[in-house]
Amino acid sequence: MWPFSAAELGSRLAATSVTLRRCLRLGVTMAKSKFEYVRDFEADDTCLPHCWVVVRLDGRNFHRFAEKHNFAKPNDSRALQLMTKCAQTVMEELEDIVIAYGQSDEYSFVFRRKSNWFKRRASKFMTLVASQFASSYVFYWRDYFEDQPLLYPPGFDGRVVLYPSNQTLKDYLSWRQADCHINNLYNTVFWALVQQSGLTPVQAQERLKGTLAGDKNEILFSQFHINYNDEPQMYRKGTVLVWQKVDEVRTQEVRLPVEMEGQRMTVTRTRTRPVPLHSDLIGDAFWKEHPDILSGEN
Ligand code: DGT
Ligand code: MG
Ligand code: MG
């Protein structure tokens with residue numbers, strides 16, 4: 001049986017055909033628009049197939065930003081943890097990121113080799129990572145800097161680099177981690193000389209001119225009783241984010257029998273989350289422990 005009368009059916013058909021005629025007319029108009037040609041000015045920025053796509057972000061003028069917001073020197077754990085929170089948000093909100101690595105004011109995100117997200121358009125990858133990261137930085141600021149107001153909106157630059165093999169990708173990540181090590185060793189000694197020995201920044205710079213890693217370790221140990229290897233892993237190695245299964249315990253109100261009313265129940269759920277590690281990426285151990293990251297499946 002029909003759900004509506006013959007008269008109603010007639011008026012519905014008439015309405016549909018009016019809509020259809022309008023759509024068709026609009027379609028014809030759009031296809032023939034004389035402005036349509038401007039689309040051809042859009043550059044093709046498709047990332048080469050089979051390559052690892054890396055997006056690296058870096059804080060804009062963070063030398064000034066760190067000064068204005070009273071970041072601890074040489075490392076501010078709040079700032080580093082906020083960066084990691086933003087990177088986790090990027091991984092959770094966007095698609096296809098298999099690993100991320102961060103240090104100082106930068107974070108690198110590696111997309112699956114086989115990713116076809118936004119048809120592999122570099123500008124989409126880069127702008128979505130940068131905007132999601134920057135808005136998260138502002139959104140989560142208060143959670144990490146309770147007593148320090150955010151004085152002005154921070155910015156992040158971005159770039160896309162393609163790596164054609166697992167080896168070049170591993171070398172890229174090793175390069176960023178080596179950079180973290182070199183800068184952190186230098187900064188640790190530099191600020192010890194300034195803060196603990198009372199040298200001016202220029203004097204500390206002079207003192208360190210031409211020194212090798214061994215010399216810096218020696219200054220730290222003999223002058224400040226600091227064993228560099230005992231410094232926090234997060235400062236020395238940076239942060240690697242990998243997807244791992246974690247048990248999340250949640251407390252929730254549930255409908256219970258009258259005699260148990262008001263009680264809460266804890267529920268444990270297993271979720272896959274981007275988990276921060278401070279592992280060494282330069283040696284083979286990490287890659288052997290996490291073979292899935294570089295596997296052909298990605
Ligand atoms: P850019 O990237 O060319 O716009 O300029 P900057 O100033 O961001 O330079 P960059 O990225 O080479 O160096 C990062 C700056 O961020 C560096 O001057 C120190 C600062 N920074 C990053 N993390 C920390 C931290 O935990 N504590 C302090 N005090 N400063 C930090
Ligand atoms: Mg920067
Ligand atoms: Mg930087």
Side-chain angles (χ1 to χ4, degrees), residues 54-90 99-110 126-127 129-138 140-161 172-205 208-209 216 220 224 226 228 230-241 276-278 281:
V54 174
V55 174
R56 181 165 83 251
L57 300 184
D58 186 282
R60 180 173 163 262
N61 201 358
F62 257 48
H63 182 74
R64 174 172 179 261
F65 187 85
E67 286 293 336
K68 294 274 179 204
H69 293 86
N70 300 306
F71 281 15
K73 290 168 175 151
N75 290 291
D76 190 310
S77 61
R78 301 166 301 175
L80 297 172
Q81 280 162 7
L82 172 59
M83 291 287 289
T84 291
K85 175 68 184 174
C86 299
Q88 287 171 308
T89 310
V90 166
I99 184 171
Y101 173 74
Q103 52 119 347
S104 181
D105 67 339
E106 68 170 61
Y107 243 101
S108 298
F109 299 89
V110 181
M126 188 166 58
T127 55
V129 170
S131 61
Q132 192 74 48
F133 194 97
S135 66
S136 304
Y137 199 92
V138 174
Y140 291 114
W141 173 267
R142 277 284 301 277
D143 294 352
Y144 295 84
F145 287 89
E146 286 162 19
D147 308 321
Q148 171 62 58
L150 181 60
L151 301 175
Y152 61 90
F156 294 85
D157 72 46
R159 72 192 73 192
V160 174
V161 190
Y172 168 77
L173 293 166
S174 300
W175 172 51
R176 297 323 304 147
Q177 192 163 55
D179 186 84
C180 172
H181 166 71
I182 292 164
N183 290 336
N184 190 60
L185 178 58
Y186 182 94
N187 292 338
T188 307
V189 197
F190 178 89
W191 286 109
L193 289 168
V194 172
Q195 291 167 343
Q196 297 182 46
S197 287
L199 267 62
T200 65
V202 174
Q203 286 169 332
Q205 203 179 345
L208 292 176
K209 208 179 248 177
K216 295 187 185 78
L220 276 178
F224 306 104
I226 295 173
Y228 183 71
D230 294 340
E231 289 291 292
Q233 285 261 103
M234 179 168 71
Y235 301 166
R236 290 186 293 119
K237 300 285 183 194
T239 302
V240 191
L241 288 171
L277 308 172
H278 308 294
L281 295 176

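Counting starts at 1 for both ligands and their atoms, in listed order. When reading the values below, keep in mind they use all heavy atoms of this one structure, side chains included, and skip hydrogens, waters and symmetry mates. Count residues from 1 along the sequence. In this text the structure is predicted, and so the values were computed from the model without any measurement.
Contact atoms of ligand 1 toward Arg60: 4 (O) (distance under 4.0 Å to a heavy atom of the residue). Using a 4.0 Å cut-off to heavy atoms of Pro74, the atoms of ligand 1 that qualify are 25 (C), 26 (O), 27 (N), 28 (C). Listed by atom number, the atoms of ligand 1 under 4.0 Å from Ala72 heavy atoms are 27 (N), 28 (C), 29 (N). Each of the following atoms of ligand 1 lies closer than 4.0 Å to a heavy atom of Asn75: 26 (O).
Between the OD1 atom of Asp105 and the OD2 atom of Asp58, the angle taken at the Mg ion (ligand 3) works out to 100° after rounding to 10°.
Counting protein heavy atoms under 4.0 angstrom from atom 25 (C) of ligand 1 gives one or more. Under the 4.0 Å distance rule, the nearest protein heavy atom to atom 30 (N) of ligand 1 falls inside the cut-off. Less than 4.0 angstrom separates atom 3 (O) of ligand 1 from none of the non-hydrogen atoms of the protein. Inside a 4.0 Å radius of atom 12 (O) of ligand 1 there is not any protein heavy atom.
Protein heavy atom nearest atom 9 (O) of ligand 1, with residue, atom name and distance: Asp105 OD2, 4.5 Å. The shortest contact between atom 22 (C) of ligand 1 and any protein heavy atom is with Ser104 OG, 3.3 Å. Looking at atom 18 (O) of ligand 1, its nearest protein heavy atom turns out to be His63 ND1, 3.2 Å. Nearest protein heavy-atom neighbour of atom 1 (P) of ligand 1: Asn61 N, 3.7 Å.
If you check the side chains of Arg78 and Gln81, you find no donor sitting under 3.5 Å from an acceptor. Thr188 and Tyr235 share no donor-acceptor pair across their side chains, judged by distance under 3.5 Å alone. Residues Arg56 and Tyr101 have side chains that never bring a donor and an acceptor to within less than 3.5 angstrom of each other.
Separation of the Phe156 and Tyr107 ring centroids does not fall under the 6.0 Å cut-off. Aromatic pair His69/Tyr152: ring centres closer than 6.0 Å.
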For this session: Verify side chain to side chain contact (heavy atoms under 4.5 Å, CB included) between Phe190 and Lys216, making sure each step is shown before the conclusion.
Result: CA-CA 9 Å; Phe190 178 89; Lys216 295 187 185 78; over 6 Å; no
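Contact annotation: Glu106 places no N, O or S atom under 2.8 Å from the Mg ion (ligand 2). With 2.8 Å as the limit, Arg60 does not count as an N, O or S neighbour of the Mg ion (ligand 2). Inclusion of Asp157 in the first shell of the Mg ion (ligand 2) is not supported: no N, O or S atom falls under 2.8 Å.
Salt-bridge check for Lys237 with Glu231: failed, with every basic side-chain N at 4.0 Å or more from each acidic carboxylate O.
For ligand 1, the polar-atom distance check against Asp76 finds a nitrogen or oxygen pair separated by under 3.5 Å. Note: an N/O pair closer than 3.5 Å links Phe62 and ligand 1 by distance alone.
The CD atom of Gln103 sits 9.0 Å away from the CD atom of Gln177 when rounded to the nearest 0.5 Å. The distance from the OG atom of Ser136 to the CE atom of Met83 is 11.5 Å, given to the nearest 0.5 Å.
Aromatic ring orientation, Phe145 versus Trp141: parallel (interplanar angle below 30°, classes split at 30° and 60°).
Put simply, the side chain of Asn184 never gets that close to the backbone of Cys180: no donor and acceptor are under 3.5 Å apart.
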